[in-house]
Amino acid sequence: MAQERTYIMVKPDGVERGLVGEIIKRFENRGFKLLALKALQPSRDLLEKHYADLSSKPFFPKLVDYMLSGPVVGMVWAGKEVVKTGRVMLGATNPLASAPGTIRGDYAIDVGKNICHGSDAVESAEKEIALWFPEGVLNYERSLDKLIYE
Ligand code: IDP
Ligand code: MG
């Protein structure tokens, strides 16, 4: 069964604050399946492509500088409705509007330092996975899924 996939990324502030494990743990605990994981220093070109839809926003230059400020950790997670559920787990874009229990609601305050990225739709997820993992990602069966899915 081909499962839905999403691109989740720990942003430079999340990496520097040591929150990589915490974010991985939440997706693992929920039952999602890890298909790819890497730490990298993204280039300006990669970030401008990733955030192309926001290029006309006034905060775009600041956003790219923020994302360039250190390494990020990108990952691909798979599972039922993982795109929408991943966004719920992340919380609202503005951390102050994020419910406690979400990643941003538990660890962030300002929108320009909101720790993590999650794809907003299945189509954008597939585009982001191709952009950040041009080498491809895993596709494997996991026996644990028998205990997670009906
Ligand atoms: P999302 O990350 O929740 O999908 P987007 O609207 O796609 O939110 O914006 C991408 C990123 O741009 C946000 O996560 C945040 O880091 C930054 N951003 C969004 N809106 C603002 C803003 O009003 N001021 C500063 N940064 C912003
Ligand atoms: Mg977005």
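Only this structure's heavy atoms are used, side chains among them; waters, hydrogens and symmetry mates stay out. Counting starts at 1 for both ligands and their atoms, following the listed order.
Listed by chain and number, the residues in a ring-ring contact (aromatic ring centres under 6.0 Å, His included) with F27 are W77 (sequence neighbours excluded). Shown here are the side chain to side chain donor-acceptor pair (under 3.5 Å) partners of R26, two or more places apart in sequence or in another chain: E22, D106.
For the pair K11 and Y66, the cation does not sit on the ring face, since its NZ or CZ is not both under 6.0 Å from the ring centre and inside 45° of the axis. Judged by a 6.0 Å distance limit and a 45° cone about the ring axis, K57 is not positioned over the six-membered ring of Y51.
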(request) Could you walk me through whether R142 and Q3 pass side-chain contact (heavy atoms from CB on, under 4.5 Å), step by step? (result) CA-CA 12 Å; R142 197 178 59 161; Q3 283 182 318; over 6 Å; no
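Protein heavy atom at the shortest distance from atom 16 (O) of ligand 1 is K11 NZ, 3.1 Å. Looking only at protein heavy atoms, the nearest one to atom 15 (C) of ligand 1 is V111 O, 3.3 Å. Looking only at heavy atoms of the protein, atom 3 (O) of ligand 1 is closest to T93 OG1, 2.5 Å. If you check which protein heavy atom lies closest to atom 18 (N) of ligand 1, you get F59 CE1, 3.4 Å. Shortest contact from atom 7 (O) of ligand 1 to any protein heavy atom: L54 CD1, 3.9 Å. When hydrogens are left out, the protein atom nearest atom 17 (C) of ligand 1 is L63 CD1, 3.8 Å; that is the closest non-hydrogen contact. Among protein heavy atoms, atom 4 (O) of ligand 1 sits closest to R87 NH1, 2.6 Å.
Annotation for ligand 1: atoms under 4.0 Å from non-hydrogen atoms of Y51 are 10 (C). For ligand 1, the atoms sitting less than 4.0 Å from at least one non-hydrogen atom of N114 are 13 (C), 14 (O), 15 (C), 16 (O), numbered in the order shown with element in parentheses. Near R104, with a cut-off below 4.0 Å to any heavy atom, the atoms of ligand 1 are 2 (O), 3 (O), 14 (O).
Using a distance-only test at 3.5 Å, with no hydrogens or angles considered, a donor-acceptor pair links the side chain of K38 to the main chain of W132.
Shown here for P42 and G70, the closest heavy-atom pair between the two residues is CD-O, 4.0 Å.
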